[in-house]
Q: 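I am attaching a structure below and will ask some questions about it afterwards.
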There are 2 protein chains.
Amino acid sequence: MFHSRRREALRDQLRTRGLDALLVTDLLNVRYLTGFTGSNAALLVHAGGDGGSVFCTDGRYETQSQRQLPDLRRVIERGSDRRLAGEAVETGIARLGFESHVVTIDVHEALAEIAGRDRMHPASRLVEQLRTVKDVDEIAALRAACAAADTALAGLLADGGLRPGRTEREVALDLESRMVQAGAAGPSFETIVAAGSNSAVPHHRPTDAELCSGDLVKMDFGALVDGYHSDMTRTVVLGEPAGWQRELYALVAAAQAAGRAALRPGADVRDVDTAARAVIADAGYGEEFLHGLGHGVGLAIHEAPTLSQRGAGTLEAGMAVTVEPGVYLVDRGGVRIEDTLVVGDGDPEILTLTTKDLVAA
Amino acid sequence: MFHSRRREALRDQLRTRGLDALLVTDLLNVRYLTGFTGSNAALLVHAGGDGGSVFCTDGRYETQSQRQLPDLRRVIERGSDRRLAGEAVETGIARLGFESHVVTIDVHEALAEIAGRDRMHPASRLVEQLRTVKDVDEIAALRAACAAADTALAGLLADGGLRPGRTEREVALDLESRMVQAGAAGPSFETIVAAGSNSAVPHHRPTDAELCSGDLVKMDFGALVDGYHSDMTRTVVLGEPAGWQRELYALVAAAQAAGRAALRPGADVRDVDTAARAVIADAGYGEEFLHGLGHGVGLAIHEAPTLSQRGAGTLEAGMAVTVEPGVYLVDRGGVRIEDTLVVGDGDPEILTLTTKDLVAA
C-alpha cells in the first residue's frame, strides 16, 4: 500500500513534467517504489496509472518478485532496463523519462538504440526528492535501526567493553556484533572507533591502537534494519575527563543542541548548518569544524537533503536527517555528537536515544 | 612503482586509441593507478607521460594524498572531475577520453560544458581491462585475503562453531569476526550461511534459522585485505552425511575440479564454464546449476573476466578468478564449492587453501 502510494506521488511529478512514464533504474529507487530487494531490476512507472506500469528482473528473482510485487505486471529478463525501454516503445509511450543522474553514457547509448534518442528525456532525482520525506513505514524502520545502535552501545558500556588495552578494531567489531544481536542485518556503514589523538581525525578507520586511560573515544556507527540506516556518534572519555575535554564536549553539545533546535519545516538547510556552526565559531573553533552539519538518511546512509553551506532547499516535516557537529584538535583529540532525527511540525523527534551527557567510561 | 607501471600500461592503450589523455573517475580505477584510498578523487592520465598527469581530491584528503601520491601533480578541489576537465582544456588536450561506463548523462553534461562536447571521447573499461591481469603486489594482497578466510573457517571448525542450535546469523557473524581477528579490514561481501533447505537458495541471506543435525551448511564468504577481496565457498554436513549428500558433494567437487583444470592461458571463458557444467549436466542436474561458473576478483568482488556462457574473451596468466559450481535441490539442500585462483602458465594457483574433502562438522 505504501508502495502504490509512492508511485502515485511520482506520477504527480511525471504529469507536472509532461512525461508519459519514468524508467527507474536506480535499485534503491526501485526498492522504494515496489519493495523489491533483489540486486537486479528496473521499473517503468506509467504516468497514466499502474495499469501501464511494468517491473523487470531476472530469473533468480522470479519467486521473490512475485511475493514482493503481487500488484504489478512483471516480466523476467536479465537486461531489465533494455527490456523496459522496449516495453515503452511497444506501449506507445512518446515521452520517456530516464534517471539521468544514474544512467551512464554507455547505457544511454544502448537504451537509445532501442527507444530512439528523441523519445528519451533526462529526469534527474525525481524519486530521490520524494524519498526525502519519510512515511510512517519508513520512520518505523529508522526507529528500529536507531534502537539497535542504542542497544549495542548501552551493552558495550554496561559490560565494560570500553577499557584501556582494547583496540579500536575490537571495540568496532564488538559494537557491530551487538547491533546484529539486537536485530540489525549489519552495520549501516564502516564503524568508526577513534581513540586519543585519532579522535581528531573526522573519518578515522579503526586500527590496532589500544585505548588508554584519559582518551577521548569517538564512536560513529549505525545499524541496518529493513534496508534503513541509522547513524549516531557518541564521544566518551576513558576515566576522569580533563578540563579541556569537558570544555570541548560542552561546546560541541551546545552546537548540536542549536542545530537540533533549528530543524523546523521551512528552514533553509544552510541556516540549520549556520545555527550550529555559529556556536563553534563564536568559541574560536570555526576552523576545527571541518565538515557539514548533517545529511538525510534512509535507504541510503547519505541522501538528500544536505545540511551544509553547499546544500540547497528547505526542510519539510517527515524528513529524516543527522545533526553532527564536531571539533577536531590535531594531535590532542576531537569530539563529535550526532543524532538521527525526524523533522516534525514542532520539535524534531530524536531517534537515537543514547544520552548526550558526557560519559566517563 | 607498481602504480607508475600501471599508468604506463594505460598509456599504451591511450596511444592505440589516439587519445591524448584519459579522465579516470571510477574510484577503484583511481586507486589502481595511484594507490589513493579516499572517497573522492579523479585522475587525468596524460598519454605523453606522467609529467602531464594530474590528480585531484578535496581538502579532507590533502595530507593523505600527499603521502600516497608523492610522484604525481596534485590539485585540491571538491569537484574533482570538473576541475580535471578544466585542466585538460588549459593544457591543450585535444582528444580527452572519459569512462563512458561510469560517467552519467548529468555528469557528462557538466563536463561537456567545461571541455566542449567535441573534445570528449567515450573510452569504456580501459582500466578494468588492465585490472584483469594481477601483478605481484595484487596477488600478495589476494593471497592474504584468502588466508584470512581460511584461518577464520579453520578456527570456526576447530572451536566447534558449527553445531546444532546455533543460527545462520551467529555463524556468519562468527566467521566475520574471525576474519577481522586474522587481519582483514572486514568481510569482502555479505557473508552467506545457509543451512538445511536454505542451502538450496544460491544467495541466501543468513536468518535466525537454527542449524540442525544432518544439515548441509553452505558458507560463502571472504575477507578484505588492502582493498583486495577473497571469495570462498565450502559446504559441510552437520554430523554423518547421508548417501544423497555424499553423492551431491562428489558431483559438485568433480565439476569444480574440471573447472579448475580448464583454467589455462588462451582458454575461452565460455569453455571453462562448459568444462564444469558438462560434468553436472551429464549427471542430470544441468537445470539445478543456476548461475555462471565464476568471475574475476580483485579490487572489486566481481570484476572481469566473467566465466559463463554470457562471458567473452580468453584467459591470460595472472588473471584472478573464482571457480564455483553448485547444484541446488529445492527443499532438500544445495552444495557449492568455490575457490579463488590465479591463472598460471601451468596449473592455476589456488589461493583458498581450505580442504575440499567433505567435512562432517
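The chains referred to below are lettered A, B, ... by the order of the sequence lines, with proteins before strands, and numbering in each begins at 1.
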Q: Are the side chains of B:Arg169 and A:Val180 in touch, meaning some heavy atoms are under 4.5 Å apart?
A: yes

Q: For the atom pair NE2 (A:His203) and OG (B:Ser39), what is the distance rounded to the nearest 0.5 Å?
A: 8.0 Å

Q: Might you point out which heavy atoms bring B:Thr104 and A:His101 nearest each other, and give the distance in Å?
A: CG2-O, 3.3 Å

Q: How long is the straight-line distance from CD1 of B:Ile105 back to CE of A:Met120, given to the nearest 0.5 Å?
A: 7.5 Å

Q: Report, as yes or no, whether the 6.0 Å neighbourhood of atom CG on B:Asn40 holds more than 12 heavy atoms from other residues, nucleotides or ligands.
A: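 Atom CG in B:Asn40 is packed in, count exceeds 12.
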
Q: Can you tell me if A:Tyr285 has over 12 outside heavy atoms packed within less than 6.0 Å of its OH?
A: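 Result for OH/A:Tyr285: open.
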
Q: Heavy-atom distance under 4.5 Å to chain B: side chain of A:Gln181, backbone, both or neither?
A: side chain

Q: Side-chain contact, heavy-atom cut-off 4.5 Å: A:His108 with B:His108?
A: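 They are not in contact (no side-chain heavy atoms under 4.5 Å apart), so the answer is no.
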
Q: Below 4.5 Å from any heavy atom of chain A, which atoms of B:Arg60 appear? Answer side chain, backbone, both or neither.
A: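 Answer is neither: B:Arg60 stays 4.5 Å or more from chain A.
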
Q: Please state whether the side chain, the backbone, both or neither of A:Arg310 comes within less than 4.5 Å of a heavy atom of chain B.
A: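 Only the side chain of A:Arg310 comes within 4.5 Å of chain B.
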
Q: Between chain B and each of A:Pro202, A:Gly186, A:Ser124, count heavy-atom pairs under 4.5 Å; write down the option with the most.
A: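 Among the listed options, the one with the most contacts to chain B is A:Ser124.
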
Q: How many angstroms lie between atom CD of A:Glu176 and atom CG of B:Leu173, to the nearest 0.5 angstrom?
A: 8.5 Å

Q: Counting only heavy atoms from other residues, nucleotides and ligands, does the tally under 6.0 Å from CD of A:Gln129 exceed 12?
A: no

Q: Assess whether atom CG of B:Asp106 is packed by more than 12 heavy atoms of other residues, nucleotides or ligands within 6.0 Å.
A: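 Enclosed.
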
Q: Report, as yes or no, whether the 6.0 Å neighbourhood of atom CZ on B:Arg205 holds more than 12 heavy atoms from other residues, nucleotides or ligands.
A: no

